There are 2 protein chains.
Amino acid sequence: MHITERFAKETARDFALRTLKHNIIILELAPGSLVSENELASEMGLSRTPVREALIELSRAQIVEVYPQKGSVVSKIDYHMVEEARFIRVVLEKAIVELACECALEDDLSLLEKNIKLQEFYIQNPSPDKLLELDNEFHLDLFKMVHKIQTYYLMDSMMVHFDRVRSMSLHTIKDIKIVEDHKAVLEAIKNKNKDQAKQAITKHLSRYIIDKDEIQKEYPDYFK
Amino acid sequence: MHITERFAKETARDFALRTLKHNIIILELAPGSLVSENELASEMGLSRTPVREALIELSRAQIVEVYPQKGSVVSKIDYHMVEEARFIRVVLEKAIVELACECALEDDLSLLEKNIKLQEFYIQNPSPDKLLELDNEFHLDLFKMVHKIQTYYLMDSMMVHFDRVRSMSLHTIKDIKIVEDHKAVLEAIKNKNKDQAKQAITKHLSRYIIDKDEIQKEYPDYFK
DNA sequence: AATTACAAGAATACTAGTAAACTAAAGGAA
DNA sequence: TTCCTTTAGTTTACTAGTATTCTTGTAATT
């Protein structure tokens, strides 16, 4: 398993959760993998409880399945669950940009603007990691500016389903497209044009449509 | 604290979670109450771990706040959080009934029909508890028929915010109105009329608009 | 040969004890 | 008096051990 450094003041539980999520997304803990509290705990240098608590949290989002007295497994890809995760995201983000059209302040807009400027910088000076980070931050900023942070966390808890399929995807999306999408969203919010904003965010989120059949042919064991 | 019987095969954690939620909703554990793992555990006749795990889950939805090495409190009513919970519910349920208009089968419709018939029975033979149960079941059935159960659970985790304010509410909603709302939703779905369905579900959910000021005057200590 | 019974092993659920951190009150010094 | 220090007590975070349940393999029996 891929273990990164534990942050200062990060609790053992948060560290376990972060590590598990990361390894599930990069497929180091592949769909269908058997995991046990004991094994994971010793790999991470923790005791069983914080690992157990992390597994419980992941199991609430159906990312792992815990079978009492039998063991725990990383859930196989359930394509329906991937689509449900996307459904939740599209529905909520459409409502969020709609609200943003109503109540965005100058400061909010310039925060988004600044983010996009940085994205353009990392297109010129390529850094896919930074761009991914800025993408996530852009969306979080949208939720923050309409004061719906809890909504973001709820949605985010389902995104692992999506992220790990994305990392199996055979063709990647051109970063420049993503930046253009973000610009379109910002533009619509500036114009207070709700339909335009909803359309732009929907277009953006549907870029991540996954070629299910190709991936399933490539990784048949990972699917339910 | 109000302790109900532990179900057969119910885990200690589920029992703790159910008991805590119930006591928070009926305000037996009032907003602002200090709770500790130890105290709750002995009241429920459990050890600290299952109680702790239940508290962790509630804290993810901001229903309790855990301060390491200091203590835990039942969150005071944060009106913004109540509105965010409602926001999530309205947005998601509107999307759900829209889907239902597209894909409801005969069996799905007759399930809803049957539920409404029962509601009418319990109007004639009054039972508020049964009616509340049927109301909840009606909404769950909507999510089930469009295969978005995980979405329901996500939304449901936030509903405690709403439910406990409802139990502080000074004027109750006439049960007959709720049944009429459900009929309107079903009718719209039958007609495959999305706008009508969205309007009906929005009307239904906005009945639970809470008279913030009245309640806040009645229970000032319960508010943040 | 097939099936049942049993034992060994492994895994989570739960219990319990320790560690670390924070609070608050008491007491001493300026 | 006021402020700082210290100490006792309480709380959650984490560690560790026990209980229970399920699986699996083996041996005995039919």
Side-chain angles (χ1 to χ4, degrees), chain A residues 1 3-21 23-24 29-76, chain B residues 1 3-21 23-24 29-76:
Chain A
M1 199 165 51
I3 309 279
T4 64
E5 203 178 345
R6 182 167 163 189
F7 301 149
K9 294 198 179 170
E10 188 178 37
T11 64
R13 170 156 52 102
D14 287 341
F15 174 64
L17 189 60
R18 183 167 61 82
T19 302
L20 284 171
K21 267 191 181 173
N23 279 277
I24 289 171
L29 289 176
S33 303
L34 276 108
V35 291
S36 82
E37 293 175 3
N38 251 316
E39 173 204 339
L40 293 172
S42 57
E43 281 197 74
M44 297 188 210
L46 305 171
S47 71
R48 299 196 318 271
T49 298
V51 173
R52 168 180 165 77
E53 289 169 356
L55 288 174
I56 289 171
E57 178 155 345
L58 291 170
S59 73
R60 289 212 351 124
Q62 311 269 54
I63 292 155
V64 305
E65 291 156 39
V66 177
Y67 300 100
Q69 279 73 48
K70 287 164 69 177
S72 306
V73 299
V74 178
S75 300
K76 288 198 175 190
Chain B
M1 199 165 53
I3 309 279
T4 65
E5 202 178 344
R6 181 166 164 191
F7 301 150
K9 293 199 180 168
E10 187 178 38
T11 64
R13 170 158 49 102
D14 287 341
F15 174 64
L17 188 60
R18 182 167 62 82
T19 302
L20 285 171
K21 268 192 181 175
N23 280 276
I24 289 171
L29 289 177
S33 303
L34 276 109
V35 291
S36 82
E37 293 176 2
N38 252 314
E39 173 202 340
L40 294 172
S42 56
E43 281 199 74
M44 298 189 211
L46 305 170
S47 71
R48 300 193 319 268
T49 298
V51 173
R52 170 181 163 77
E53 288 168 358
L55 288 174
I56 289 171
E57 177 155 344
L58 291 171
S59 73
R60 292 219 342 129
Q62 311 269 56
I63 293 156
V64 305
E65 292 155 36
V66 177
Y67 301 101
Q69 279 71 49
K70 287 164 68 177
S72 305
V73 299
V74 178
S75 300
K76 287 197 176 189

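These figures come from a predicted structure and were not determined experimentally. Protein chains get the first letters and strands the later ones, always in sequence-line order, with residue 1 at the start of each.
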Holding to salt bridge (Lys or Arg N to Asp or Glu O under 4.0 Å), I want the full list of residues that pass it with B/R52, two or more places apart in sequence or in another chain.
A/E53, B/E37
Could you list the residues that satisfy side chain to side chain donor-acceptor pair (under 3.5 Å) with A/D14, not counting sequence neighbours?
A/T11
In 5'-to-3' order, the base (B), backbone-only (S) or no-contact (-) status of each nucleotide in nucleotides 8-15 of chain C, using a 4.0 angstrom heavy-atom cut-off, is ---BBBBB
Walk me through whether B/V64 and B/S59 qualify under side-chain contact (heavy atoms from CB on, under 4.5 Å).
CA-CA 5 Å; B/V64 305; B/S59 73; 3.9 Å; yes
Taking 4.0 angstrom as the limit, do B/R13 and B/E57 come out as a salt bridge?
no
Within-4.5 Å side-chain heavy-atom neighbours: B/L34 and B/E39
no
